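Only one structure is covered here, and it is reproduced in the block below.
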Amino acid sequence: MTTQVPDTLLDEVALGLAPDEDIRRVEELALADPSIAARLERARLRFLPLDDTAPEMPLPDGFWDRLRAQLDQAPARAANVVNLADRRLRRWRMTAMGGMAAAATLAAMLGWSLLQSPDPSVVAVLLDAEGEAVALIEGQPDNTTRVTLLERPDLPAGRVMQVWTKPDADGLPVSLGLLVAGRSDTLTVPGLPEPDASQLYEITAEPEGGSPTDLPTGPILGKGLAKKPVI
Amino acid sequence: MLGVARRMLRRSDLAEDAVQDALVLIWRRAHQYDPERGHARGWIFTILRNRCLTMLRHEDRGETTDPADERAVDDAFDRLPQSLDLRACLDGLEPETRRAILSSYVLGHSHGEIAGRMDAPLGSVKSWLRRGLVKLRECLT
């Protein structure tokens, strides 16, 4: 039942030293076997601090415009739809089985919300001015928005994170809500149109209680364009 | 993200391409991301690093030693916080083994590239890299 995967191979996959076919094989085994997935994850996390040692580089001018242009072409390049759907099915099954054991942890709570929520309509990765990924946004058709913070943001005292989107590219930003606890959260706002591809999302630092003008006033902590995942 | 890609790919324009490609891949695969099983930041960096590695494997960098690469590896080690176990454990390895492990992660070098740059037989490089990884793992647990 269990497949033997040596720890050193997992390390070599994490480092990028293993040949492509080994990387693919190990990733497939990890999808099917949560214990291999956990060991691979541990191997990757061991080296993750090295990514923080890379010099910071500001995003060049025109980055978002070029990304938008690439997104417009992206659907034509979509591939492996059937394969992905199959993997998702396997993942659901595993999450359903594995989730029970860890029910007491925060991780399980997040997993539970994943089980509860349908697949997102759109997903956006928000980057800060240095090009660091600061948050992952998943927008549902009813504008329930799951915000996963990837960095502990550097918030000035007395400020709170406010999440915005622009349902109409030429219109004004609309508030999706505040991350009051300063942590990842799921926000719900009624009455907005279903989020669409290329929709702008951003997080700004606003005074306690949110922007007084109902428009972003504070510095941008992260912004990004949405994209419909291929499911 | 851009800094990680620039360090591996050496060129800013390629680094920007890699970050953009990685963002598109992240969007496509977002439904595969499972917070119960993984760390979001680790997941994103894995996608970015894999994208950079694919770009690197399609490009022949030759076997010349670039002083900028040497510096990038030294800087990566120096910038690891002193308090981190990874730093202490890397510090406990032979200098060549440490350099080989760091060049694979930081610069995306393959076994062959490491052997070429160190002017050592491929077989020996592979075996002392493996021994180094075993030592590192024991030290980190």
Side-chain angles (χ1 to χ4, degrees), chain A residues 7-8 11-12 15-17 20 23 34 37-38 41 44-57 59-60 63 66-67 70-71 74 78 84 87-88 91 95 98-99 102 107-108 110-111 114 119-120 123-125 127 130-133 136 138 148 150-151 224 227-231, chain B residues 1-7 12 15-16 19-21 23-24 26-42 44-46 48-50 52-54 57 72 75-81 84 86-87 101-102 104-106 108-111 114 129-130 133-134 136-137 140:
Chain A
D7 281 323
T8 300
D11 281 344
E12 288 180 342
L15 286 172
L17 270 176
D20 289 351
I23 295 181
E41 176 75 2
R44 284 181 167 147
L45 290 182
R46 276 202 283 273
F47 296 106
L48 187 63
L50 283 167
D51 287 325
D52 293 329
T53 64
E56 285 193 350
M57 280 180 67
L59 288 179
F63 179 86
R66 288 192 289 277
L67 180 58
Q70 194 182 347
L71 287 185
L84 291 180
R87 282 179 172 199
R88 201 174 100 244
R91 184 172 62 83
T95 312
L110 284 167
L114 189 83
D119 285 314
V123 180
V125 181
L127 304 186
E130 273 77 47
E132 282 304 316
L136 185 67
E138 292 161 88
T148 307
L150 308 173
E151 300 261 1
K227 172 76 188 151
K228 281 184 187 297
V230 176
I231 293 173
Chain B
M1 287 179 90
L2 209 50
V4 169
R6 169 73 178 73
R7 192 164 67 172
S12 305
E16 188 185 325
V19 171
Q20 297 211 347
D21 289 351
L23 289 173
V24 172
I26 290 164
W27 282 311
R28 292 227 189 109
R29 293 180 190 167
H31 62 282
Q32 291 180 353
Y33 166 64
D34 181 348
E36 196 175 322
R37 300 175 95 204
H39 183 283
R41 225 166 148 263
I44 284 174
F45 275 106
T46 298
L48 175 66
R49 289 172 40 75
N50 285 346
C52 291
L53 285 172
T54 306
R57 300 292 179 248
D75 285 351
F77 180 69
D78 291 342
R79 286 182 185 157
L80 282 175
L84 215 63
L86 177 64
R87 182 177 175 127
I101 290 177
L102 287 171
S104 70
Y105 193 87
V106 169
H109 283 176
S110 63
H111 284 119
I114 295 169
L129 256 167
R130 285 196 184 127
L133 289 174
V134 171
L136 194 61
R137 219 169 34 243
L140 283 168

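Here the structure is a predicted model, which means the values were calculated and not measured. In what follows, chains are A, B, ... by sequence order, proteins preceding strands, each numbered from 1. The analysis underlying the following values was restricted to heavy atoms, covering all of them including side chains, and did not include hydrogens, waters or symmetry mates.
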Given a strict heavy-atom distance threshold of 4.5 Å, which part of [X] is in contact with chain A: side chain, backbone, both, or neither?
X	value
B/I44	side chain
B/S104	both
B/N50	side chain
B/L84	side chain
B/R130	both
B/L53	side chain

### Shortest non-hydrogen separation from A/A54 to B/G3 and the atoms involved
CB-C, 3.5 Å
### Query
Of all heavy-atom pairs between A/A133 and B/M1, which one has the smallest distance, and what is that distance?
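Reported closest heavy-atom pair: CB-SD, 3.8 Å.
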### Task
Given side chain to side chain contact (heavy atoms under 4.5 Å, CB included), test B/R137 with A/T8 step by step and report yes or no.
CA-CA 9 Å; B/R137 219 169 34 243; A/T8 300; 3.4 Å; yes
### Partner residues of B/E16 under the side chain to side chain donor-acceptor pair (under 3.5 Å) criterion, sequence neighbours left out
A/R66, B/Q20
### Under-4.0 Å salt bridge between B/R57 and A/D20
no
### Message
What part of A/L45 gets within 4.5 angstrom of chain B, counting heavy atoms only: side chain, backbone, both, or neither?
### Response
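The answer is the side chain of A/L45.
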#### Entry: Side-chain heavy atoms of A/P55 within contact of B/R6, under 4.5 Å
no
### Query
Quick one: does B/L133's side chain get under 4.5 Å of A/L15's, heavy atoms only?
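With C-beta onward as the side chain, the pair touches.
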### Task
From the options B/R79, B/R41, B/R7, select the one residue that forms a salt bridge (charged side-chain N to carboxylate O under 4.0 Å, His left out) with A/D52.
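Filter result, single survivor: B/R41.
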### Task
Return the option, out of B/V106, B/L80, B/D78, with the maximum number of heavy-atom pairs under 4.5 Å with chain A.
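It is B/L80.
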### Message
Checking A/K227 against B/I26 for the side chain to side chain contact (heavy atoms under 4.5 Å, CB included) test, could you report, in this order, the C-alpha distance in whole Å, the side-chain angles of both residues, the deciding distance, and whether it holds?
### Response
CA-CA 9 Å; A/K227 172 76 188 151; B/I26 290 164; over 6 Å; no
### Task
Using ring-ring contact (aromatic ring centres under 6.0 Å, His included) as the criterion, list what pairs up with A/F47, not counting sequence neighbours.
B/Y105
### Query
Of all of A/I23, A/L48, A/L59, which one pairs up most often with chain B through heavy atoms under 4.5 Å apart?
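Maximum pair count with chain B is reached by A/L48.
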### Message
Out of A/E130, A/E132, A/E56, return the one with the most heavy atom pairs under 4.5 angstrom to chain B.
### Response
A/E132
#### Entry: Reference residue A/L50; test side chain to side chain contact (heavy atoms under 4.5 Å, CB included); the match among B/L86, B/I101, B/V4
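The residue from B/L86, B/I101, B/V4 that satisfies side chain to side chain contact (heavy atoms under 4.5 Å, CB included) with A/L50 turns out to be B/L86.
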### Query
Which value, rounded to the nearest 0.5 Å, describes the distance between B/D75 atom CG and A/T53 atom OG1?
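That separation rounds to 8.5 Å.
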### Query
Can you check side chain to side chain contact (heavy atoms under 4.5 Å, CB included) on A/D51 and B/L48, steps first, answer last?
CA-CA 11 Å; A/D51 287 325; B/L48 175 66; over 6 Å; no
### Task
Go through the steps for A/L127 and B/L2 under the test side chain to side chain contact (heavy atoms under 4.5 Å, CB included), then give the verdict.
CA-CA 10 Å; A/L127 304 186; B/L2 209 50; over 6 Å; no
